[in-house]
Amino acid sequence: MSFHLYSSPSSLLHDPHPLCNLLSAHPKSTPRSFLSTYNPNSPPFHSTNLLQTSHVSLQESLPHETQIEKPKLDANPPGPTPKRYAWVNPNSPRASQLRRKSYDSRYSSLIKLAESLDACPPNEADVSDELTKFGSNLFEQDAVVTLNNMTNPETAPLVLNHLLGTLKPTREVILYNVTMKVFRKSKDLERSEKLFDEMLQRGVKPDNATFTTLISCARQCGLPKRAVEWFEKMPSFGCEPDNVTLATMIDAYGRAGNVEMALSLYDRARTEKWRIDPVTFSTLIRIYGYSGNYDGCLNIYEEMKSLGVKPNLVIYNRLLDSMGKAKRPWQATIIHKDLISNGFEPNWSTYAALIRAYGRARYGDDALVIYRQMKGKGMELTVILYNTLLSMCADIGYVDEAFEIFQDMKSSGTCDPDSWTFSSLVTVYSCCGRVSEAEAALREMREAGFEPTLFVLTSLIQCYGKAKQVDDVVRTFEQVLELGIEPDDRFCGCLLNVMTQTPKEEIGKLIGCVEKAKPKLGRVVKMLVEEESCEEGVFKKEASELIDSIGSDVNKAYLNCLIDLCVNLNKLEKACEILQLGLEYDIYSGLQSKSATQWSLHLKSLSLGAALTALHVWMNDLSEAALVSGEEFPPLLGINTGHGKHKYSDKGLAAVFESHLKELDAPFHEAPDKVGWFLTTSVAAKAWLESRRLSGEVSA
């Protein structure tokens, strides 16, 4: 039995794009050869398989005689040669080779035709001429291949109209679909939608591939809401989306702001084990990040790895950004290491996300390492990144590093310092009392056209206070009033903090400033400093009204400063009264704790004066418990000062307390295995308390 050699471009009908499962081939590729036919009575495409395809009609075969050798398409073909035909046993190995050879030649010709049509002027006459040059043996499957390999959105619709008029295809929708794919390649959703309307006008019913192509085009154009609209039109045309389309809609709904629908589809995807692409996982991470569910971001990342889906650089960067917002720099470090170990090269977005993550969490050394890596690779920083680094330096006392970053910013030539830049620089110098540098930064700020903000003037007052330049503090305060700036709680708190560093004989200069800035605070301070005689309970009432008038973000700072002021003025009774008020308002919580094995005093969040006052109260409580009530102590007693030091000081609370405990001859000693803890035994504590009682010593 003999047959004529011909083949079907079925392999061309595999679409590697996740949204369109029909009629796609990569240009210049050599597809696999098949022998297959299309049944026009088959049901519409419904599939959960990404690679399942529909087929064009092959009822019209290729020319009756097909040359075994590749045909020539030269403009000036050689003279006629005798045609030779060969009978080949269809079961022989040579038949498969000849089919491949024959189809490869034709496919290459169709690719050249597509290139010619892309290059020709966009008018009907030129398009018709190009198609006529190919000859009269252009068939429906050839039309599909040709359109599928075109890229010019101007000529593609003209080619479509010509082919529809000359071929009378059995399934016009397929030609429309591949034409839409040309528009998708150029991200032209408007033309795709116009072609869809034309389909309906001509009575051509869209199929699943039509909608998936439109949806993917909308996504590529960055129009997720349009993608959602096309997806929701599918049921009205009798089309039911497959799992691939549904999976992509997780991304579309997420980007369109319909988080509930996106997460609902994702839950279904997990149950039904849909295939989800990295873009969709990236959108899910973004959704969880925007909602503040940072554990959800990490869960998505772990699910990706468990499913064997490799994260791309966009996903890693999005995770880093989320961990920065969550202030989880340690997890940002882990993700960064994963990124490197999986063969990715960090890009600008990676480094920017790491600087934000480390900067917000005040991981100074890590942030500076990333900053220097960026500079080493010739990457430019934005104003925001420079300001993030400067703000971090201001908060952790990296003065020299801040100056280096500021100089680099000015010499970069790509961005200029703004108001926030100068604010951070003034703050850096102010917090360590470097008056001349702070004033120079303020002058430079004004020369750059920026007026000092309340934040800057607050920092400057702090600087003058550290330098004991009280007159400059008063002058700066008057400048605030002249600028019409209303002092806020933080500004008043700064004035109060300056008073704790001011010699007693000069505090009076500042009382007037405090009274003008915040009258309630002024009354409390005046009662402490000027020793006004008042009825019992009046001071507590005034202090309570002050606490009620300030925000919860500053109330502990106010009480710390007021207690420090009392300690400096040697007014321990008032200090204890303010501490007790803080306990009643739950501003100071968890100062003391008791367990079966240890009683403890926790001082980590207190200023020095407040910590000393709390120690005094605790020792009195211990004396009452052991010497009056006869209460048994646990084996250990401990004081927890924390192990850190103040960012602008060489000493921490632990160092100061160690010296103070020695002055008291207290039996507390720093624990070698617990940094920041001072411990003693119950026996030693009782003996010491008894000796204090006998000696009549009552103050700590």
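A quick note: this is a predicted structure, and the numbers were derived from the prediction, not measured.
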Please tell me if the side chains of [X] and [Y] come closer than 4.5 Å, counting only heavy atoms from C-beta onward.
X      : Y      : answer
Ile285 : Ser322 : yes
Phe678 : Leu661 : yes
Trp420 : Ile384 : no
Asn387 : Ser424 : no
Leu390 : Val428 : no
Cys576 : Thr613 : yes
Glu577 : Gln580 : no
Glu542 : Lys520 : no

Residue list, side chain to side chain donor-acceptor pair (under 3.5 Å) with [X], at least two apart or on another chain:
X      : result
Thr502 : none
Lys468 : none
Tyr429 : none
Tyr558 : none

Which pair of heavy atoms, one from [X] and one from [Y], lies closest together, and at what distance?
X      : Y      : value
Met392 : Gly364 : SD-CA, 3.5 Å
Ala332 : Leu320 : O-CD2, 3.3 Å
Ala543 : Leu581 : CB-CD2, 3.5 Å
Leu339 : Pro346 : CD2-CG, 3.9 Å
Gln598 : Pro634 : N-CB, 3.6 Å
Leu603 : Ala614 : CD2-CB, 3.8 Å

Just distance, no hydrogens or angles: give the donor-acceptor pairs under 3.5 Å from side chains in residues 453-461, sequence neighbours left out.
{"unit_1": "Thr453", "atom_1": "OG1", "unit_2": "Phe455", "atom_2": "N", "d": "3.4"}
{"unit_1": "Thr453", "atom_1": "OG1", "unit_2": "Val456", "atom_2": "N", "d": "3.4"}
{"unit_1": "Thr458", "atom_1": "OG1", "unit_2": "Leu454", "atom_2": "O", "d": "2.6"}
{"unit_1": "Ser459", "atom_1": "OG", "unit_2": "Thr427", "atom_2": "OG1", "d": "2.9"}
{"unit_1": "Ser459", "atom_1": "OG", "unit_2": "Phe455", "atom_2": "O", "d": "3.2"}

Return yes when atom [atom1] of [X] has more than 12 non-hydrogen atoms of other residues, nucleotides or ligands closer than 6.0 Å, and no otherwise.
X      : atom1 : result
Glu505 : CD    : yes
Lys604 : NZ    : no
Lys541 : NZ    : no
Glu573 : CD    : no

Donor-acceptor contacts, no H, no angles, side chain residues 476-490, under 3.5 Å, sequence neighbours left out:
{"unit_1": "Thr476", "atom_1": "OG1", "unit_2": "Asp472", "atom_2": "O", "d": "2.8"}
{"unit_1": "Asp488", "atom_1": "OD1", "unit_2": "Arg490", "atom_2": "N", "d": "3.3"}
{"unit_1": "Asp488", "atom_1": "OD1", "unit_2": "Phe491", "atom_2": "N", "d": "2.8"}
{"unit_1": "Asp489", "atom_1": "OD1", "unit_2": "Lys518", "atom_2": "NZ", "d": "3.2"}
{"unit_1": "Asp489", "atom_1": "OD2", "unit_2": "Gly551", "atom_2": "N", "d": "3.4"}
{"unit_1": "Arg490", "atom_1": "NH2", "unit_2": "Asp553", "atom_2": "OD2", "d": "3.3"}

To the nearest 0.5 Å, how far apart are [atom1] in [X] and [atom2] in [Y]?
X      : Y      : atom1 : atom2 : result
Cys513 : Leu496 : SG    : CG    : 12.5 Å
Leu627 : Arg692 : CG    : CZ    : 10.5 Å
Cys566 : Leu528 : SG    : CG    : 4.5 Å
Lys540 : Glu584 : NZ    : CD    : 4.0 Å
Leu368 : Asp366 : CG    : CG    : 9.0 Å
Asn299 : Asn293 : CG    : CG    : 7.5 Å

Pair Lys410 + Glu444: basic N to acidic O under 4.0 Å:
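Yes, charged N to carboxylate O under 4.0 Å.
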
Between [X] and [Y]: side-chain donor-acceptor atoms closer than 3.5 Å:
X      : Y      : answer
Thr421 : Asp418 : yes
Asp365 : Tyr398 : yes
Asn497 : Gln501 : yes

Enumerate the residue pairs fulfilling ring-ring contact (aromatic ring centres under 6.0 Å, His included) with a member in residues 581-614, sequence neighbours excluded, ordered by first and then second residue.
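Those involving residues 581-614 are Trp599-Phe633, His602-Trp677.
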
Working note: Leu319 + Cys297, criterion side chain to side chain contact (heavy atoms under 4.5 Å, CB included); need CA distance, chi angles, decisive distance, verdict.
CA-CA 7 Å; Leu319 282 167; Cys297 297; 4.2 Å; yes

Before you tell me yes or no, could you show the steps for Glu404 and Tyr371 under side chain to side chain contact (heavy atoms under 4.5 Å, CB included), namely the whole-Å CA-CA distance, both residues' side-chain angles and the distance that decides it to 0.1 Å?
CA-CA 12 Å; Glu404 173 196 341; Tyr371 161 68; 4.1 Å; yes

Sorted by first residue and then second, give each side chain to side chain donor-acceptor pair (under 3.5 Å) pair with at least one member in residues 680-689; sequence neighbours left out.
Glu632-Lys686

For Asp338 and Tyr301, what are the C-alpha separation, side-chain angles and deciding distance, and is it a side-chain hydrogen bond (donor to acceptor under 3.5 Å, both in side chains)?
CA-CA 11 Å; Asp338 285 353; Tyr301 178 53; 2.8 Å; yes

As a quick check of understanding, evaluate side chain to side chain contact (heavy atoms under 4.5 Å, CB included) for Tyr316 and Ile335, giving each step before the final call.
CA-CA 7 Å; Tyr316 280 119; Ile335 293 166; 3.8 Å; yes

Cationic tip of Lys325 within the cone over Tyr294's six-membered ring, i.e. under 6.0 Å and within 45° of the normal?
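No.
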
Just jot down the salt bridge (charged side-chain N to carboxylate O under 4.0 Å, His left out) partners of [X], sequence neighbours excluded, or say none.
X      : result
Asp621 : none
Glu437 : Arg434
Lys375 : Asp408
Lys662 : none

Step by step, would you call Thr333 with Tyr363 a side-chain hydrogen bond (donor to acceptor under 3.5 Å, both in side chains)?
CA-CA 11 Å; Thr333 300; Tyr363 272 42; over 6 Å; no

Please confirm whether the backbone N or O of Gly609 pairs with a side-chain atom of Asp564, one donor and one acceptor, at under 3.5 Å?
yes

